[in-house]
Amino acid sequence: MTADPAATPSGGVTTRFCPSPTGLVHVGVMRAALFNWAHARHTGGRFVFRIEDTDAARDSEESYRHLLDCLRWLGLDWDEGPEVGGPHGPYRQSERHEIYRDVAARLLEAGHAYESFSTPEEVTARRLAAGQDPKLGYDNADRLLTEEQKAAFRAEGRAPVLRLRMPDTDLAWDDLVRGEVRFAAGSVPDFVLVRGNGVPLYPFVNPVDDALMGITDVLRGEDLLPSTPRQLALYDALTDIGVAPGRPRFGHLPLVMGEGNKKLSKRDPQSNFDVYRERGFLPEGMVNYLALLGWSIAEDRDIFSPEEMVAAFDVRRVSPNPARFDVKKAEAINATHLRALPVEDFVERVVPFLAREGLVSDPPTDEQRRVLEAIAPLAQERMIVLSDAVGLVGFLFTDEVEIDPAAAEKQLSGPDAAEVLDAASAALTDLPEWTAPAIETALKESLVDGLGRKPRQAFGPVRVAISGRTVSPPLYESMEQLGRERTLARLAAARRLVPGSAGG
RNA sequence: GCCCCCAUCGUCUAGCGGUCCAGGACGCCGCCCUUUCAAGGCGGUAGCACGGGUUCGAACCCCGUUGGGGGCACCA
């Protein structure tokens, strides 16, 4: 419970990620995790993962498990923390209460902290009485309470909170991303470390654990910047009583903004990390985009791998500007990574998404795998996220193809469609060789040359008949994979949908 | 209200006093390719918030203004 010199090797960097397991995982939180991880890896340092579950009312075990899963999915491995262990455990604050109780007692004993009996209502009343804005907060009125006064409050049944005595000096630090930041002496009131009921608060346990775990560099959101003076003061007190080895460095990352000009809130659907996973963003695509929220690898480049990020990451080059989360750009980045995937890798990753819809089994049958591998290169380049495969290649794995109503309206509504579909069926029924080139030749001869149709008019209805959509992988290859029987069946089925025609 | 942060194309950014009549990416718009849709190729659109300094010289340094944002709990 004292500063462990071995925990902070001179010059070595130790960063941490310390979310609280309360509900949905926010993309900004994962961005913070990524930057801490990249900073540790780049400097050859350590990355600690700690769970801040001091709020029993809001924390959940499910959320805790989910957090681990998200980190692992992104590829952010930790050197110390849950399920990994380490010399500074436990790594869940709910299991560290004795530690906080002990540190609080020592702070009180050393005079850095004191018992405070004022209720929030009393503080407000005093501010008002003095003609001041209640927003100024606590007025440090209990600093000089005598033992008699304290006894009197206790006799009333009041339980005191523990407050830190703030120093009467300026509090300043050299922020890793912003340079010097300074708060004037007296501008930050004495704050609460421990509640009246004995439960320690976040502003207390967070620095205590950072100190005990040898954290040297704290990278966190700019929204926490105003709380830094308090942490600094606490750190100085902890250093004085031998709990901390000194102050860590702080770096305040730019906020992640939403649609308007506001911080992306947990309420905003865009902020939910899970939706990107579920849509089939790649971890490497997500890492790439998240990294771009405040950092850039080079002047003329924005596609890179996690490894490349680690090699190049320099926290001093992180931008201080707030960054808007741009789904369009995230998609573009992801699409680039998706297309770069080797076919086998792509197939592996896409299978769970197809399986989820019952289109293939997981693992796929040999036949399903064969078809997937054949169509993959053609599908990959027209996909943005893995779940796109469901709509794009699903028609190859089911006989219950739903024809998109809009597609039908566009391609299967006129008399031309009937003529085209009939001609296509005729051309394909006795085709000697069922290969993409043969199919291409037959259809072009029949539809383009024979009927005199423009290619786009000739193949539109056929595509919709085969795939149910106006967008699909290349037609001939798709038909080849589908097989003659199913292809003819779909042409016939579509033929029956054409209104007001003989076949209907 | 108080404290703090931020300020280059619509968006994310490069730029760390001259090499910038500002570069890249996303988006958007054309053109090419073409069996749809994409992808790809080519081209285009659009920005240093304003005002003072400092300097031979400022997007870059300083001050102010304006604008935007964040924080002000016995939540985290």
Side-chain angles (χ1 to χ4, degrees), chain A residues 18-22 52-55 57-59 116 118-120 123 132-138 159-163 175 177-178 181-184 187-189 191-203 205-206 221-229 252 254-255 257 261-263 289 292-303 317 319-333 335-336 339 378-384 388 392 407 410-411 440 443-444 447-448 453-464 467 469-476:
Chain A
C18 50
S20 52
T22 56
E52 309 230 329
D53 51 352
T54 55
D55 186 351
R58 296 198 306 164
D59 300 328
S116 170
S118 297
T119 65
V123 172
Q132 297 167 329
D133 186 344
K135 285 261 187 179
L136 288 171
Y138 178 63
V161 301
L162 199 65
R163 290 185 186 272
D175 196 277
V177 342
R178 284 153 218 278
V181 180
R182 173 176 300 273
F183 285 73
S187 61
V188 184
F191 65 100
V192 177
L193 301 174
V194 182
R195 280 176 168 167
N197 63 6
V199 176
L201 262 18
Y202 162 82
V205 300
N206 178 272
E222 189 195 340
D223 50 338
L224 290 172
L225 191 148
S227 73
T228 306
H252 289 91
L255 248 25
M257 312 291 277
N261 263 336
K262 298 288 184 214
K263 180 171 78 161
Y289 181 66
L292 259 16
L293 257 21
W295 183 73
S296 62
I297 194 166
E299 177 172 352
D300 54 359
R301 176 182 171 209
D302 59 11
I303 298 293
R317 290 194 61 255
S319 160
N321 304 26
R324 186 175 327 285
F325 193 92
D326 183 347
V327 177
K328 276 279 200 302
K329 178 138 183 177
E331 289 174 343
I333 298 278
T336 303
R339 279 176 228 117
L378 305 172
Q380 249 176 300
E381 64 185 26
R382 55 205 83 203
M383 285 169 54
I384 290 171
D388 288 344
L392 195 62
K410 186 175 176 189
Q411 297 290 1
E440 175 175 5
L443 288 181
K444 281 186 170 166
L447 307 181
V448 180
R453 294 269 184 270
K454 286 227 168 32
R456 50 168 48 222
Q457 281 141 15
F459 296 104
V462 177
R463 179 178 306 278
V464 171
S467 71
R469 303 175 158 236
T470 56
V471 181
S472 80
L475 230 203
Y476 318 127

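All chains are named by letter (A, B, ...) in the order of the sequence lines, taking the proteins before the strands, and each is independently numbered beginning at 1.
A:Y289 contributes a side-chain N or O that, together with a main-chain N or O of A:D326, makes up a donor-acceptor pair within less than 3.5 Å. The backbone N or O of A:H252 lies less than 3.5 Å from a partner atom in the side chain of A:D175, making a donor-acceptor pair. A donor-acceptor pair under 3.5 Å is formed between the side chain of A:S319 and the backbone N or O of A:N321. Between the side chain of A:R463 and the backbone N or O of A:P473, at least one donor-acceptor pair lies under 3.5 Å.
Across every strand in view, B:C16 sits unpaired, with no contact that passes the Watson-Crick or G-U test at under 3.5 angstrom. When Watson-Crick and G-U wobble pairs are counted only if both distances are under 3.5 Å, B:C60 pairs with no nucleotide at all. Nucleotide B:G1 has B:C72 as its partner under the Watson-Crick or G-U criteria, with both atom distances under 3.5 Å. Remark: B:A49 base-pairs with B:U65; criterion is Watson-Crick or G-U wobble with both hydrogen-bond distances under 3.5 Å. Base pairing annotation: B:C21 forms no Watson-Crick or G-U wobble pair, as no partner gives both donor-acceptor distances under 3.5 Å.
At least one side-chain heavy atom of A:S296 sits under 4.5 Å from a side-chain heavy atom of A:R317. No side-chain heavy atom of A:V181 sits under 4.5 Å from any side-chain heavy atom of A:T228. Using a 4.5 Å cut-off on side-chain heavy atoms (C-beta onward), A:P474 and A:R382 make contact.
Here the C1' atom of nucleotide B:C2 and the CD atom of A:Q132 are 11 Å apart, to the nearest Å. As rounded to whole Å, 11 Å separates atom P of B:A49 from atom CG of A:N321.
Partners of A:V161 under the side-chain contact (heavy atoms from CB on, under 4.5 Å) rule, at least two apart in sequence or in another chain, are A:S116, A:R163, A:V192. Checked against side-chain contact (heavy atoms from CB on, under 4.5 Å), A:K454 has the following partners two or more places apart in sequence or in another chain: A:R456, A:Q457.
Residues A:V181 and A:F325 both approach RNA chain B. Their nearest nucleotides, taken by heavy-atom distance, put A:V181 toward the 5′ side.
Distance noted for atom C1' between B:U54 and B:C61: 8 Å (whole Å). Nucleotides B:C26 and B:C9 place their C1' atoms 12 Å apart, quoted to the nearest Å. Taking the P atoms as reference points, B:A25 lies 43 Å from B:G1, given to the whole Å. Look at the C1' atom in both B:G23 and B:G68: the space between them is 26 Å, to the nearest Å. With P as the reference atom, B:U8 and B:A14 are 10 Å apart, rounded to whole Å. If you take atom C1' in B:A7 and the same atom in B:G15, they sit 15 Å apart, rounded to whole Å. Nucleotides B:A73 and B:G18 are separated by 46 Å at their P atoms, to the nearest Å. Nucleotides B:G27 and B:U13 are separated by 15 Å at their C1' atoms, to the nearest Å.
Using a 4.0 Å cut-off, no side-chain N or O of A:R182 falls inside it from OP1 or OP2 of B:C5.
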Under 4.0 Å protein heavy-atom contacts per nucleotide of nucleotides 65-76 of chain B, with B for base, S for backbone only and - for none: ---SSBSS-BBB
Sequence-aligned protein contact record of nucleotides 33-38 of chain B, with B where the base is within under 4.0 Å of a protein heavy atom and S where only the sugar-phosphate is: --BBBB
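Nearest heavy atom pair, residue A:T470 against residue A:A407, reads CG2-CB, 3.8 Å. For the pair A:L292 and A:D302, the tightest heavy-atom approach, listed with the atom from each and the gap, is CD2-O, 3.8 Å. Nearest approach of A:S187 to A:A184, heavy atoms of both residues: OG-O, 2.6 Å.
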Please write out the pairs of protein N or O atoms and N or O atoms of nucleotides 59-64 of chain B separated by less than 3.5 Å, giving the distance to one decimal.
none

Show me the protein contacts with nucleotides 24-27 of chain B, counting only N or O atoms at under 3.5 Å.
residue, atom, partner, partner atom, Å
B:A25, O4', A:D302, OD2, 3.3
B:A25, O2', A:D302, OD2, 2.6
B:A25, O2', A:K329, NZ, 3.3
B:A25, N3, A:K329, NZ, 3.0
B:C26, O2', A:K329, N, 3.4

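Looking at heavy-atom distances under 4.0 Å, A:D133 makes contact with a base. Nucleic acid contact class of A:G221 (heavy atoms, under 4.0 Å, all strands): none. Heavy atoms of A:R317 sit under 4.0 angstrom from primed sugar atoms or phosphate atoms, though from no base atom.
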Candidate pair A:F183 and A:L225, rule side chain to side chain contact (heavy atoms under 4.5 Å, CB included), full reasoning: CA-CA 11 Å; A:F183 285 73; A:L225 191 148; 4.0 Å; yes
Check against side chain to side chain contact (heavy atoms under 4.5 Å, CB included), A:F459 and A:Q411: CA-CA 9 Å; A:F459 296 104; A:Q411 297 290 1; over 6 Å; no
Steps toward side chain to side chain contact (heavy atoms under 4.5 Å, CB included) verdict (A:T54, A:V199): CA-CA 8 Å; A:T54 55; A:V199 176; 5.6 Å; no
